[in-house]
Amino acid sequence: MSFLRGGAAPSGGVNTDKIEMAITELDTVTDFFNRMVQSCHAKCISSRYAEPDLNKGESVCIDRCVAKFNEVQKKVGEKLQSRGAANAAAAGGSGFTSL
C-alpha cells in the first residue's frame, strides 16, 4: 500500500494523515451504501418474502432507486465542492474553509 507512505513521514514510515483520510473515506462510502440499501429495500421490497429471488417489479424498482440515490449523491458532492472552492476563494486562499 504505497499510497499510505509519503511526504509527511520523514523516516519513511506510514503517513498517518493519508491513513486518516482513507479511514474517513471508507466510513463515508460505507455509510452511503448502508443508507442506500436501507432506503431502497424499504421502498422496493415487500416485507412478505414469497420467493427466494426478486421479481421483475422489485428488480426494476431497485435499479431505479440505486440510480437515483447515486445521482443525488453526485449532485450533493458537486455542490459541496463548489461551496468549498467559493469559501476558499472568499477567504483569500488561506487554505481554511468554513462549511
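Below, all heavy atoms of this structure are taken into account, side chains as well, without hydrogens, waters or symmetry copies. By convention here, the first residue in the shown sequence is residue 1.
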Extract all donor-acceptor atom pairs below 3.5 Å that involve side chains of residues 36-50 and protein atoms in other chains or at least two apart in sequence.
from: His41; atom 1: NE2; to: Tyr49; atom 2: OH; distance (Å): 2.9
from: Ser46; atom 1: OG; to: Arg48; atom 2: N; distance (Å): 3.2

Extract all donor-acceptor atom pairs below 3.5 Å that involve side chains of residues 21-30 and protein atoms in other chains or at least two apart in sequence.
from: Thr24; atom 1: OG1; to: Glu20; atom 2: O; distance (Å): 2.9
from: Thr28; atom 1: OG1; to: Thr24; atom 2: O; distance (Å): 2.9
from: Thr30; atom 1: OG1; to: Leu26; atom 2: O; distance (Å): 2.8

Taking only distance into account, with no hydrogens and no angle test, what donor-acceptor pairs under 3.5 Å do side-chain atoms of residues 54-68 form with protein atoms, sequence neighbours excluded?
from: Asn55; atom 1: OD1; to: Gly57; atom 2: N; distance (Å): 3.1
from: Asn55; atom 1: OD1; to: Glu58; atom 2: N; distance (Å): 2.8
from: Glu58; atom 1: OE1; to: Asn55; atom 2: N; distance (Å): 3.0
from: Ser59; atom 1: OG; to: Asn55; atom 2: O; distance (Å): 3.2

Could you note down all residue pairs passing ring pair (Phe, Tyr, Trp, His ring centres under 6.0 Å) where residues 54-80 supplies at least one of them, sequence neighbours left out? Phe32-Phe69
Non-neighbouring partners of Asp31 that pass side chain to side chain donor-acceptor pair (under 3.5 Å), sequence neighbours left out: Arg35
Going by the salt bridge (Lys or Arg N to Asp or Glu O under 4.0 Å) test, which pairs reach into residues 70-80, not counting sequence neighbours? none
